[in-house]
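A quick write-up on the structure given underneath.
Every number for a ligand or one of its atoms is a count from 1 in the order of the listing. In this text, all values refer to a predicted model and were calculated from it rather than measured experimentally. Note that these values count all heavy atoms, side chains included, but never hydrogens, waters or copies made by symmetry.
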Amino acid sequence: MQFQDQVVVVTGASRGIGRSIAEAFAAEGAKVACVATTIEGASGTAEAIGGVAFAADVSNQESVEALFEAVTAQLGTPSVLVNNAGITRDTLLIRMKEDDWDRVIAVNLKGAFLCTKAVAKSMMKARYGRIINISSVVGQGGAAGQANYAAAKAGLFGLTKSVAKELGSRGITCNAVAPGFIETDMTSGLSEDFKQMVEKTAPIARLGTPADISPAVLFLASQNSGYITGQTITVDGGLTL
Ligand code: NAP
């Protein structure tokens with residue numbers, strides 16, 4: 001019960017990796033704020049784990065400010081923020097519309113900025129905080145058809161390091177987790193050929209599951225990781241070695 005009574009905010013908690021992260025925190029005693037775009041989606045997870053559901057669009061400043069006011073009023077001051085909400089709008093660069101670029105950057109990168117800004121003051125006051133950004137191996141290596149997503153996920157590394165430098169003296173760490181290919185709704189459209197390539201290439205010869213990601217997040221959110229900041233843990237079965 002290493003997160004007993006700590007308030008943990010997980011964005012994108014309705015399904016996939018975020019749901020698994022929310023489950024893992026709840027199993028360790030945390031009061032988990034499960035955030036998704038709809039209250040129905042967030043409630044599915046919250047009811048299953050004994051958390052509280054919140055609806056917000058992480059790309060919208062007003063929505064994010066209202067979210068953190070509501071979380072603080074209902075659960076207390078967050079000590080952990082997991083910026084996990086994300087979307088893809090994959091297509092080749094020459095076909096990519098301006099809106100495909102803007103929306104992916106807005107949710108994956110600006111969303112993390114807005115949520116981090118919204119918790120920073122209260123974490124600074126508490127002189128304690130853990131911020132974990134869910135990036136991607138695609139942010140490290142790029143990917144054809146994902147210029148928008150790769151740019152957003154690469155941007156998260158810059159955000160992570162900058163926040164680590166700004167807030168370290170206040171007892172706040174900020175780190176990233178870079179998953180490889182994980183079986184969720186986001187990757188359900190991948191071809192069988194691509195999945196077989198992953199299975200052949202990765203030393204751990206399978207796609208990942210959401211449960212493979214949450215232990216790295218919980219470690220970075222724990223009190224034991226207080227001397228680690230601005231870093232990335234890659235969780236990809238060795239695919240990018
Ligand atoms: P997913 O199954 O598609 O779930 C995405 C989550 O993000 C959902 O809970 C969704 O809520 C939420 N979300 C989307 N737009 C949002 C917004 N504007 N405001 C608030 N919440 C929003 O995705 P996933 O595969 O679990 O991915 C989770 C994170 O891991 C993402 O950041 C993704 O980029 C990253 N990642 C995934 C993989 C992979 O292989 N799956 C690999 C590397 C990194 P709704 O249900 O309400 O839409």
Backbone, side chain, both or neither: what part of [X] comes under 4.0 angstrom of ligand 1, heavy atoms only?
X	result
Thr184	side chain
Ala178	neither
Arg103	side chain
Ala42	neither
Arg19	neither

| query | Do you know the tightest heavy-atom contact between Trp101 and Ala147? | reply | CZ3-O, 3.7 Å

Provide, to 0.1 Å, the distance between [atom] and the closest protein heavy atom, together with that atom's residue and name.
atom	result
atom 19 (N) of ligand 1	Val58 N, 3.0 Å
atom 30 (O) of ligand 1	Ile134 CG2, 3.4 Å
atom 40 (O) of ligand 1	Ile182 N, 2.8 Å
atom 36 (N) of ligand 1	Tyr149 OH, 3.5 Å

Would you check if [X] and [Y] make a side-chain contact, meaning some heavy-atom pair closer than 4.5 Å?
X	Y	value
Phe68	Cys115	yes
Lys195	Phe181	no
Met124	Ile172	yes

| In terms of side-chain heavy atoms, does Ser188 have a donor or acceptor partner in Asp185 at a distance below 3.5 Å? | no

| message | Between Thr240 and Gln140, do the side chains contain a donor N or O and an acceptor N or O under 3.5 Å apart? | response | no

| field | Full working for side chain to side chain contact (heavy atoms under 4.5 Å, CB included) between Asn108 and Lys153 | value | CA-CA 7 Å; Asn108 293 278; Lys153 293 304 190 185; 3.4 Å; yes

Can you tell which of [options] gets a heavy atom nearest to [atom]?
atom	options	answer
atom 10 (C) of ligand 1	Met186, Arg15, Glu40	Arg15
atom 5 (C) of ligand 1	Ala22, Gly16, Gly86	Gly86
atom 8 (C) of ligand 1	Ser14, Ala13, Cys34, Ala36	Ser14
atom 13 (N) of ligand 1	Gly208, Ser188, Ser136, Ala85	Ala85

Using heavy atoms and a 4.0 Å limit, tell me yes or no: is [X] in contact with ligand 1?
X	answer
Glu183	no
Val35	no
Ser135	yes

Do ligand 1 and [X] have nitrogen or oxygen atoms that lie under 3.5 Å from each other?
X	result
Gly12	yes
Ile17	yes
Val107	no
Phe181	no
Ser59	no

| Between OH of Tyr227 and OG1 of Thr173, what distance do you get to the nearest 0.5 Å? | 13.5 Å

| field | Euclidean distance, Thr37 OG1 relative to Ile87 CD1, rounded to 0.5 Å | value | 10.5 Å

| task | State whether the side chain of Thr229 and the backbone N or O of Ala164 hold a donor-acceptor pair below 3.5 Å, judged by distance alone. | result | no

| Sidechain-backbone polar pair: Ser225 side chain, Phe219 backbone, donor-acceptor under 3.5 Å | yes

| field | Gln4 atom CD, over 12 foreign heavy atoms within 6.0 Å | value | yes

| If you count the non-hydrogen atoms of other residues, nucleotides and ligands that lie under 6.0 Å from CD1 in Ile204, is the total more than 12? | no

Which atoms of ligand 1 sit under 4.0 Å from any heavy atom of [X]?
X	answer
Thr187	39 (C), 40 (O), 41 (N)
Ile87	14 (C), 15 (N)
Gly180	38 (C), 40 (O), 42 (C), 43 (C)
Asn84	28 (C), 29 (C), 30 (O), 31 (C), 32 (O)
Thr37	11 (O), 15 (N), 16 (C), 17 (C), 19 (N), 20 (C), 21 (N), 22 (C), 45 (P), 47 (O), 48 (O)
Asp57	17 (C), 18 (N), 19 (N)
Ala56	19 (N), 20 (C)

| Are the charged groups of Lys110 and Asp57 less than 4.0 angstrom apart, N to O? | no

| note | Contacts of Asn133 meeting side chain to side chain donor-acceptor pair (under 3.5 Å) (sequence neighbours excluded), chain-then-number -> Asn83, Thr160

| query | For Asp100 and Arg95, what are the C-alpha separation, side-chain angles and deciding distance, and is it a salt bridge (Lys or Arg N to Asp or Glu O under 4.0 Å)? | reply | CA-CA 10 Å; Asp100 297 329; Arg95 294 199 194 120; over 6 Å; no

